[in-house]
Amino acid sequence: MEALIARTRRYSRDMAGRRQELARLSFGQRPQALFISCSDSRVQPSSMTGAEPGQVLELRMAGNVIPAYRPDAVCGVGATLEYALEELNTPDIIVCGHSHCDALRGLVHRRTTTPLMEGWLTRTAETASVPMLTVMPGPSVLSARAQQHVLVQLAHLRTYPVVARHLVSGRVGLHAWFYRVESGEVLSWRPGPGAFRPL
C-alpha cells in the first residue's frame with residue numbers, strides 16, 4: 001500500500017501543473033469511447049490507449065461479462081450503457097478481452113475459486129450465438145476461447161435497446177479487442193477474415 005500512496009502523491013504533484021486543463025473537466029465530460037474490460041489488474045485501459053483524463057469511460061467487471069439485456073433486471077452494465085450513449089453521446093464502445101484470464105479459465109474448465117464468481121460467469125457469460133473461431137489443441141485453446149468470449153459479449157451488447165437504437169442511427173460503433181498480457185499486443189476483430197488481427 002505504501003508504494004501506491006507514494007505514486008498517488010507523485011501523481012497529485014505532477015497534475016498540479018495542469019490545473020487549468022483539469023478545471024475544464026469539472027464542467028463535464030465527452031469521452032471518445034466506452035472501454036469495457038475485465039477487472040484483471042494486468043489490463044489497464046488508460047495505459048493501453050494512452051488516454052488522458054476525460055477521454056475514456058471505463059466499465060470493468062470479472063471476465064468483461066456483459067449480461068444479455070433483461071427488461072426486469074436492474075443492472076449496472078445497462079445503466080452505464082445508457083449513461084454513456086444517452087447522456088454523454090459516446091461515439092464508440094470497445095469490448096476488450098485478454099489472454100490468461102482467470103475468470104475465463106474457470107469458465108472453460110468449469111471450476112472457479114468462489115461461488116459468486118461461478119454464478120456470475122455461468123448465468124451471464126455464454127448465451128449468444130456467434131461465429132465459432134478455430135481452436136487448435138494446446139496452450140492456444142484458452143486464448144481462442146477468450147477471443148470467442150469477447151464476440152459473445154459484443155452480441156450481448158447489441159441486445160440492449162439503447163445500443164440497438166444508436167446502432168440503427170449510426171451514432172455508435174462497436175469494436176472487439178483482445179489484449180495479450182504476455183506481449184502487450186492488442187488485436188482487433190476483423191469480420192472480413194473472421195479473425196482477430198493486430199490493431
Side-chain angles (χ1 to χ4, degrees), residues 29-41 43 45 48-49 56-133 135 142-179 187-189 191 194 196:
Q29 58 175 320
R30 282 289 176 261
Q32 298 170 8
L34 168 61
F35 198 107
I36 300 173
S37 66
C38 184
S39 52
D40 192 298
S41 64
V43 180
M48 190 186 304
T49 61
V56 171
L57 186 67
E58 294 183 21
L59 175 60
R60 304 185 68 172
M61 74 292 291
N64 58 275
V65 169
I66 301 168
Y69 176 73
R70 285 179 25 219
D72 59 330
V74 176
C75 172
V77 172
T80 301
L81 289 170
E82 283 190 345
Y83 178 65
L85 298 179
E86 298 285 274
E87 297 293 324
L88 301 179
N89 298 306
T90 306
D92 288 283
I93 300 175
I94 300 161
V95 179
C96 184
H98 66 98
S99 64
H100 309 288
C101 180
D102 294 332
L104 260 292
R105 184 177 289 111
L107 190 65
V108 169
H109 298 297
R110 297 289 186 248
R111 61 176 184 269
T112 57
T113 55
T114 67
L116 287 177
M117 178 72 83
E118 182 177 1
W120 168 247
L121 293 173
T122 55
R123 279 195 292 256
T124 61
E126 302 290 331
T127 59
S129 176
V130 298
M132 289 302 293
L133 302 178
V135 180
L142 185 58
S143 277
R145 278 292 282 111
Q147 290 176 2
Q148 185 78 36
H149 177 75
V150 173
L151 298 181
V152 170
Q153 304 323 302
L154 205 67
H156 287 180
L157 195 58
R158 294 174 187 276
T159 67
Y160 286 80
V162 65
V163 174
R165 286 196 308 273
H166 281 250
L167 283 171
V168 167
S169 65
R171 288 181 289 164
V172 70
L174 302 184
H175 312 273
W177 287 9
F178 186 78
Y179 176 65
L187 311 177
S188 70
W189 172 250
F196 281 87

With side-chain contact (heavy atoms from CB on, under 4.5 Å) as the criterion, how do T90 and R30 come out once you've worked through the C-alpha distance, each side chain's angles and the decisive distance to 0.1 Å?
CA-CA 7 Å; T90 306; R30 282 289 176 261; over 6 Å; no

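- Closest non-hydrogen pair, G78 versus Y160, comes out as CA-CE2, 3.7 Å.
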Chi angles and distances behind the side-chain contact (heavy atoms from CB on, under 4.5 Å) call for W189, L151:
CA-CA 8 Å; W189 172 250; L151 298 181; 3.7 Å; yes

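- Closest approach of H166 and L85 over heavy atoms only: CE1-O, 3.2 Å.
- The CG atom of N64 sits 9.5 Å away from the CZ atom of F178 when rounded to the nearest 0.5 Å.
- Between S37 and P45, the closest heavy-atom pair is OG-CG, 3.7 Å.
- The two residues V150 and A176 make their nearest non-hydrogen contact at CG1-CB, 3.7 Å.
- In this structure, OG1 in T80 is found 8.5 Å from CD1 in I36, a value given to the nearest 0.5 Å.
- Note that SG of C96 is 12.5 Å distant from NE2 of H175, once rounded to the nearest 0.5 Å.
- Scanning all heavy atoms of the two residues, the minimum distance from L34 to A84 falls at CD2-CB, 4.1 Å.
- Atoms NE2 and CG, from H98 and D40 in turn, are 4.0 Å apart once rounded to the nearest 0.5 Å.
- Atoms CG and CD1, from L59 and I66 in turn, are 7.5 Å apart once rounded to the nearest 0.5 Å.
- One distance of note links CZ of R145 with SG of C101; it measures 11.0 Å at 0.5 Å rounding.
- Inter-residue side-chain proximity for V56 and E58 is flagged as met; some heavy-atom pair is nearer than 4.5 Å.
- In this structure, V163 and V172 approach most closely via the heavy-atom pair O-CG1, 4.3 Å.
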